[in-house]
Amino acid sequence: MSTHVELIEEVKVCTDALQPSTLLKCQTVVHKEDGQNVSFVLYFTRSDAVLKKLTMAPHPVTQAIIDLSAGACGGIACVLSGQPFDTAKVKMQTFPSLYRGFVHCFVSVYKQVGLRGLYQGTTPALIANIAENAVLFMSYGFCQNVVRFVLGLDQCTELSDVQKACSGSVASIFSSLASCPTELVKCRLQAMHEMEASGKIASGQKSTVWSVVKNVLRTNGPLGFYQGLTTTIVREIPGYFCFFGGYELSRSMFAQHMGRDKEHIGVVPLMISGGFGGACLWLVVYPIDCVKSRIQVLSLAGKQEGFLKTLMGILRNEGVAPLYSGLTSTMIRTFPANGALFLAYEVSRKIMMQQFAL
């Protein structure tokens with residue numbers, strides 16, 4: 001019985017880590033020991049190797065690298081599946097009067113510059129999403145541990161959906177510092193044609209990543225890459241609360257309906273949950289994102305006003321509707337893009353956790 005006692009003590013250290021799909025059965029055993037009835041709960045798992053991986057968390061540095069790498073994988077998947085829709089969004093946000101709608105924007109861009117026009121800014125978008133999501137998900141894991149510490153919870157304790165949403169909201173502050181410079185370059189590349197056509201900048205300028213970077217450095221210096229940072233942070237804090245909250249809530253509902261734990265709901269429910277989280281984010285923050293795009297693109301023509309003045313200028317001169325210009329393409333994009341993001345993140349993270357959580 002001594003072998004069973006050692007196993008029981010090891011499992012009891014972190015029973016929250018045991019998933020129903022890993023457990024084969026639980027059994028209460030009562031036996032005589034020195035004339036006393038002693039009760040034990042035995043947990044039978046699929047293998048001792050599985051038990052070993054579940055009961056020993058990776059080193060904090062290893063965990064951070066895993067979250068960073070998984071976030072980067074998610075960022076790549078997000079861009080590759082949603083870039084054309086993002087290009088249409090930025091064009092319609094910045095020049096709403098030029099396009100009657102989502103389809104008109106797509107057709108116009110294709111006629112003007114061909115299919116490559118829909119993929120303008122892909123390189124900085126890749127850099128932006130890899131940097132943003134790598135930092136976001138690494139910070140997300142760290143912020144979850146901070147929440148556990150503040151609430152006095154064990155490090156193995158599973159947080160509630162609201163607690164995870166709060167963790168994501170705080171993590172977005174760190175990701176904003178990584179995403180703002182590359183988003184500025186991406187937005188300027190995406191709207192370069194419209195800036196020239198409207199006469200806001202001279203025609204014939206090079207529209208490459210390096211030409212935009214040199215222009216920012218020459219005109220505003222290194223801090224020029226952080227034009228729109230305040231607006232980005234204002235957008236991200238409530239946005240990522242809804243993003244992670246919607247994602248975790250959707251997963252919980254699927255898990256409850258299917259009678260499984262959240263980690264084993266399958267690919268399609270996982271992607272739907274990611275898309276739902278993205279939809280929650282954009283419905284809440286879209287007007288703020290529109291102001292951010294205006295600031296980052298129009299600053300190419302000279303010094304641009306801050307968040308409040310830009311917002312009030314749009315409301316005074318154009319009304320409320322332009323703040324939602326491009327929302328259709330964004331909502332269409334959010335399900336494949338964010339579904340792919342979370343699928344790539346969860347799958348790559350699970351593989352790396354199995355390899356390094358020894």
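Computed over heavy atoms, backbone and side chain alike; hydrogens, waters and symmetry mates excluded.
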- prompt: Are any side-chain N or O atoms of Ser81 and backbone N or O atoms of Ala77, one a donor and one an acceptor, separated by less than 3.5 Å?
  reply: yes

- prompt: Under a 4.5 Å cut-off applied to non-hydrogen side-chain atoms, are Asn129 and Ile76 in contact?
  reply: no

Under 3.5 Å: donor-acceptor pair, side chain of Arg294, backbone of Thr310: no

- prompt: Is it the case that one hydrophobic cluster holds both Ile288 and Met331, taking links as side-chain heavy atoms less than 4.5 Å apart, direct or via other members?
  reply: yes

message: Quick test of your reading: applying side chain to side chain donor-acceptor pair (under 3.5 Å), list the pairs with at least one residue in residues 231-241, sequence neighbours left out, ordered by first then second residue.
response: Glu132-Tyr240, Arg235-Asp289

- prompt: Do Tyr226 and Pro181 come within less than 4.5 Å of each other through their side chains, counting heavy atoms only?
  reply: yes

field: Salt bridge present between Asp154 and Arg148 (N-O < 4.0 angstrom)
entry: no

task: State, with a plain yes or no, whether a side-chain heavy atom of Trp282 is found less than 4.5 Å away from one of Val285.
output: yes

query: Would the number of heavy atoms belonging to other residues, nucleotides or ligands and lying under 6.0 Å from CD of Gln112 be above 12?
result: yes

task: Verify the neighbour count for atom CZ of Phe254: are there more than 12 heavy atoms of other residues, nucleotides or ligands below 6.0 Å?
output: yes

query: Is a side-chain N or O of Tyr140 found less than 3.5 angstrom from the main chain of Ser172, in a donor-acceptor match?
result: no

- prompt: How close do Leu229 and Ser176 get, heavy atom to heavy atom, and via which atoms?
  reply: CD1-O, 3.9 Å

- prompt: Going only through I, L, V, M, F, W and Y residues with side-chain contacts under 4.5 Å, is there a path from Ile272 to Ile265?
  reply: yes

message: I'd like to know whether the aromatic ring centres of Phe342 and Phe243 sit less than 6.0 Å apart in this structure.
response: yes

Ser252 OG to Asp261 CG distance, which is reported to the nearest 0.5 Å: 10.5 Å

field: Pro322 to Cys290 - nearest heavy-atom pair and separation
entry: O-SG, 3.5 Å

message: To the nearest 0.5 Å, what is the distance between OG1 on Thr334 and CG on Asp86?
response: 11.0 Å

query: Is the closest side-chain heavy-atom distance between Val213 and Phe225 below 4.5 Å?
result: yes

Gly313 backbone acceptor or donor facing Asn317 side chain under 3.5 Å: yes

query: When hydrophobic residues are tied together by side-chain contacts of less than 4.5 Å, even through go-betweens, does Leu343 share a cluster with Val268?
result: no

message: If you define the side chain from C-beta out and look only at heavy atoms, does anything of Asp161 sit under 4.5 Å from Phe244?
response: no

- request: Kindly say whether Ser160 contributes a backbone atom to a donor-acceptor pair with the side chain of Gln163 at under 3.5 angstrom?
  value: yes

- request: Could you tell me whether Arg251 and Glu248 make a salt bridge, using a distance below 4.0 angstrom between a side-chain N and a carboxylate O?
  value: yes

message: Determine whether Met253 and Ser273 satisfy the following criterion, side-chain contact (heavy atoms from CB on, under 4.5 Å), listing intermediate values before the conclusion.
response: CA-CA 10 Å; Met253 292 178 67; Ser273 298; over 6 Å; no

task: Check for a donor-acceptor pair, side chain of Tyr286 on one end and backbone N or O of Ser325 on the other, with a separation under 3.5 Å.
output: yes

Under 3.5 Å donor-acceptor, Arg333 side chain and Gly82 backbone: yes

- request: Taking all heavy atoms of Pro238 and all of Val284, pick out the closest pair and write down the distance.
  value: CB-CG1, 4.5 Å

- prompt: Distance from Phe307 atom CZ to Met312 atom CE, nearest 0.5 Å?
  reply: 10.5 Å

query: Counting only N and O atoms by type, is there a donor-acceptor contact under 3.5 Å from the side chain of Ser250 to the main-chain atoms of Gly246?
result: no

query: Is any side-chain heavy atom of Phe174 closer than 4.5 Å to a side-chain heavy atom of Leu136?
result: no

message: Is there a side-chain contact between Val216 and Arg188 in this structure, where contact means two heavy atoms from C-beta onward sitting under 4.5 Å apart?
response: yes

message: So for atom CZ, which belongs to Phe85, do other residues, nucleotides or ligands contribute more than 12 heavy atoms lying within a distance under 6.0 Å?
response: yes

query: For the side chain of Ser169 and the backbone of Cys166, is there at least one donor-acceptor N/O pair under 3.5 Å apart?
result: no

- request: Taking only Lys NZ, Arg NE, NH1 and NH2, and the carboxylate oxygens of Asp or Glu, determine whether Lys164 and Glu158 approach each other closer than 4.0 Å.
  value: yes

- request: Show your working on side-chain contact (heavy atoms from CB on, under 4.5 Å) between Trp210 and Val185 and close with a plain yes or no.
  value: CA-CA 9 Å; Trp210 181 233; Val185 176; over 6 Å; no

- request: Decide whether Val320 and Leu327 are clustered together by the hydrophobic rule: side chain heavy atoms of Ile, Leu, Val, Met, Phe, Trp, Tyr closer than 4.5 Å, transitively.
  value: yes

query: When rounded to the nearest 0.5 angstrom, what is the spacing between CG in Leu126 and CD in Gln83?
result: 7.5 Å

field: Intermediate values then yes/no, side-chain contact (heavy atoms from CB on, under 4.5 Å), Asn338 and Leu341
entry: CA-CA 5 Å; Asn338 289 293; Leu341 185 155; 4.3 Å; yes

Closest non-hydrogen atom pair, Pro336 against Ile332: CD-O, 3.1 Å

query: For Met353 and Ile66, which heavy atoms make the closest approach, and how far apart are they?
result: SD-CD1, 3.9 Å

field: Thr182 side-chain N/O to Ser179 backbone N/O, donor-acceptor pair under 3.5 Å
entry: yes

message: Does Tyr324 have more than 12 heavy atoms from other residues, nucleotides or ligands lying within 6.0 Å of its OH?
response: no

message: If I compare all heavy atoms of Ala344 with all of Cys73, which pair ends up nearest, and what's the gap?
response: CB-O, 3.7 Å

message: Is there a continuous path of hydrophobic side-chain contacts, each under 4.5 Å between heavy atoms, that joins Val150 to Val162?
response: no

- request: Please tell me if the side chains of Glu263 and Glu346 come closer than 4.5 Å, counting only heavy atoms from C-beta onward.
  value: yes

task: Please determine, by modelled atom types, if Gln354 and Lys350 share a side-chain donor-acceptor pair under 3.5 angstrom.
output: no

message: Apply side-chain contact (heavy atoms from CB on, under 4.5 Å) to residues Leu153 and Leu159 and explain how you reach the verdict.
response: CA-CA 9 Å; Leu153 303 174; Leu159 296 179; 3.9 Å; yes

Distance in Å, Phe137 CZ paired with Cys143 SG, rounded so as to fall on 0.5 Å steps: 12.5 Å

- prompt: Between atom OG1 of Thr330 and atom NZ of Lys89, what is the distance when rounded to the nearest 0.5 Å?
  reply: 5.5 Å

